[in-house]
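One structure below.
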2 protein chains.
Amino acid sequence: MDSAQVQRVRSFSRLVAQRIGALEESYLQRGRPLGEARLIFEIGLDGADLRALRDRLGLDSGYLSRLLNSLTAHGLVEVGRDASDGRLRRAVLTPNGRVELGAYGRLSDALAASMLEPLDSRQRERLVGAMAEVERFLRAGRVELSFETPASDDARQCLDAYFREIATRFEAGFDPAQDRTPSDGELTPPKGWFVVARLEGEPVGCGALKRVDDATGEIKRVWTAPSARGLGVARRVLHKLEGAARDAGLITLRLDTNKALTEAHALYRKEGYREVERFSHNPYAHHWFEKRL
Amino acid sequence: MDSAQVQRVRSFSRLVAQRIGALEESYLQRGRPLGEARLIFEIGLDGADLRALRDRLGLDSGYLSRLLNSLTAHGLVEVGRDASDGRLRRAVLTPNGRVELGAYGRLSDALAASMLEPLDSRQRERLVGAMAEVERFLRAGRVELSFETPASDDARQCLDAYFREIATRFEAGFDPAQDRTPSDGELTPPKGWFVVARLEGEPVGCGALKRVDDATGEIKRVWTAPSARGLGVARRVLHKLEGAARDAGLITLRLDTNKALTEAHALYRKEGYREVERFSHNPYAHHWFEKRL
DNA sequence: GCCATTCTCTGACTAAAGTCAGAGAATGGA
DNA sequence: TCCATTCTCTGACTTTAGTCAGAGAATGGC
């Protein structure tokens with residue numbers, strides 16, 4: 001790790017922490033503890049389950065209960081039973097609560113505006129652009145990968161999105177029946193592996209590895225959600241699958257890909273895959289790659 | 001104010017606030033309240049006056065005293081009298097205190113590294129670059145301008161730096177004796193104005209306006225410290241002087257400048273100054289500009 | 001219908017953070 | 001030298017934040 005970079009990150013964090021502190025201080029203007037203000041924010045216009053609130057704010061259930069009692073006593077929140085599960089409870093803002101939420105929103109806006117205000121329009125654009133970039137890469141760092149069954153909800157969601165996407169991108173469209181889609185069993189250890197990438201709980205990518213024989217594996221279904229592209233998700237999925245392959249004693253990985261997926265070709269080349277002769281009769285494949293681990 | 005930009009800033013702040021929260025939580029690992037940890041940080045290797053600590057952390061004097069008592073009791077800090085003023089007290093870290101400071105520093109490093117770690121080297125560079133840009137513009141927004149006498153310490157400091165700089169940049173060097181330097185009185189209301197720009201208390205730029213006659217003023221000594229360039233300091237100084245000129249009923253502003261100061265020419269042109277015929281016999285001037293307010 | 005589990009609430013705490021008034025020491029200028 | 005001012009400390013608080021154990025209601029699977 002480059003220590004100059006670490007120092008830059010620290011310097012950045014320090015400065016931004018001051019600004020965040022200013023924001024929270026401004027919230028106190030409304031004469032309510034910060035914990036309650038944060039809770040109003042987190043409940044939001046849509047309301048939220050208590051369980052979700054606890055998770056997102058990291059609160060003890062007793063403490064949350066008390067905070068909600070206080071907000072309820074002030075007429076800002078109502079807590080009711082969940083329709084489908086009587087143990088669950090759901091908090092929603094009353095009309096007065098929504099007014100408060102709006103007031104906090106305006107305080108946030110004011111602080112944001114005060115950062116932009118002294119700058120001219122070119123500087124504002126650059127600041128906002130740089131903030132978007134920081135946000136993007138910080139988010140990228142929060143992407144988490146995990147092995148799981150291709151039958152899981154999130155895996156299915158990724159695969160459906162993947163198939164929908166290639167159907168529009170492949171010149172000849174895509175018909176799953178013509179593609180020898182591996183069964184769930186073939187993508188479950190020890191015959192194969194399936195990786196799901198998640199960002200803040202939402203699935204944003206996937207990838208699979210299918211064992212072909214004792215020494216060979218095949219990479220399939222590497223996909224990244226449009227919202228998460230450019231964050232290196234596919235690269236990390238690939239690394240994770242390669243790690244599994246190594247652990248399983250595989251020596252060679254191969255894959256095939258359609259000519260329309262140019263960004264995939266670039267990724268595979270960069271990761272050390274060499275283009276080789278056709279090894280499959282996949283009607284949608286135009287390129288075949290191989291890598292020795 | 002562009003509300004889409006405001007929303008981008010809010011979204012950025014929200015994400016970064018989470019990370020800052022993570023940092024502070026990691027400080028708690030060391031089994032010490034956050035207030036004390038922050039205090040250790042703020043005292044730093046050089047020590048600090050209690051007054052400065054109170055200002056920087058926004059603490060009540062009683063509260064600070066108590067925090068210091070606790071740190072002293074744990075052998076991390078020593079508080080002694082200031083040599084020059086017996087009312088003031090100065091806190092310094094003991095050797096153990098410095099060890100603790102180092103430990104907190106490593107926690108900060110670890111969090112910074114955890115942001116970089118999942119990224120590849122190109123992404124890291126972009127993240128760090130964007131952070132530097134955000135930092136730069138946030139700092140730019142904190143630059144504060146004030147009118148004051150050119151005899152003040154900070155004004156002198158700026159002027160000295162300005163003269164040193166032009167002496168190296170002008171082809172023919174610079175001899176103050178040959179330049180009809182306005183007296184302090186000529187740069188003090190109602191005959192003139194002097195603006196100092198400060199960033200976190202440090203002077204980082206200046207500019208002057210001298211009344212020539214009832215309708216005309218002359219801009220002089222517009223300078224920005226090298227550390228603060230690219231932040232629009234000179235532009236803001238100029239605007240401030242123009243505001244003073246308008247308030248004083250001046251109609252025309254003029255200025256002369258040396259051919260070596262190309263960035264100044266660009267600024268003046270952008271701000272609506274037209275190049276005009278020579279109006280002074282300043283031996284260091286090559287260009288003359290004018291603007292009707 | 002039974003029972004382990006899940007979810008939330010209450011009571012009884014502790015610790016941290018912050019406030020306020022006033023005392024006492026040191027200073028600086030009249 | 002005197003006195004208003006500055007700076008810090010102590011005592012006596014309040015509020016906010018957070019923890020823990022246990023009770024009670026609802027659920028889901030058997």
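Residue numbers start from 1 in every chain, and the chains themselves are labelled A, B, ... in the order their sequence lines are given, proteins ahead of strands.
Residue B:L39 contributes atom CG, which lies 14 Å from atom C1' of C:dA17 at whole-angstrom precision. Rounded to whole Å, the distance from CG on B:L67 to P on C:dA17 is 8 Å. The separation between B:R54 atom CZ and C:dT19 atom P is 13 Å, rounded to whole Å.
The 12-atom threshold is exceeded at CD of B:Q7, counting heavy atoms of other residues, nucleotides or ligands nearer than 6.0 Å. Counting non-hydrogen atoms of other residues, nucleotides and ligands closer than 6.0 Å to CG of B:D160 gives a total above 12. Counting non-hydrogen atoms of neighbouring residues, nucleotides and ligands closer than 6.0 angstrom, the CD atom of A:E144 reaches no more than 12 such neighbours.
The existence of a salt bridge linking B:R142 and B:E135 is excluded, since no basic side-chain nitrogen approaches an acidic carboxylate oxygen closer than 4.0 Å.
Pair check for D:dC9 finds C:dG22; Watson-Crick or G-U wobble, both atom distances under 3.5 Å. When both pairing distances are held under 3.5 Å, C:dA17 makes a Watson-Crick or G-U pair with D:dT14.
Comparing A:D60 and A:L88 by the nucleotide of DNA chain C whose heavy atom lies nearest to each, the residue mapping closer to the 5' end is A:L88. Between B:S65 and A:P33, the residue anchored closer to the 5' end of DNA chain D is B:S65, taking for each the nucleotide with the nearest heavy atom. Between A:L34 and A:R87, the residue anchored nearer the 5' end of DNA chain D, judged by the nucleotide with its closest heavy atom, is A:L34.
Residue B:G35 is classed as a sugar-phosphate contact, given heavy-atom separations below 4.0 Å to backbone atoms only. Looking at heavy-atom distances under 4.0 Å, B:R81 makes no contact with the nucleic acid at all. Within the nucleic acid shown, B:L64 has no heavy atom closer than 4.0 Å to any nucleic acid atom. A:R51 comes within 4.0 angstrom of the backbone, heavy atoms only, and of no base.
Along DNA chain D, the stretch of nucleotides lying under 4.0 Å from any heavy atom of chain A spans, 5' to 3', D:dT16 to D:dT27.
Using cut-offs of 30° and 60° on the angle between ring planes, the pair A:Y104 and A:Y27 is perpendicular.
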task = Could you go through the side chain to side chain contact (heavy atoms under 4.5 Å, CB included) check for B:V92 and B:V77 one step at a time?
result = CA-CA 6 Å; B:V92 291; B:V77 165; over 6 Å; no

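No side-chain heavy atom of B:L76 sits under 4.5 Å from any side-chain heavy atom of B:L101.
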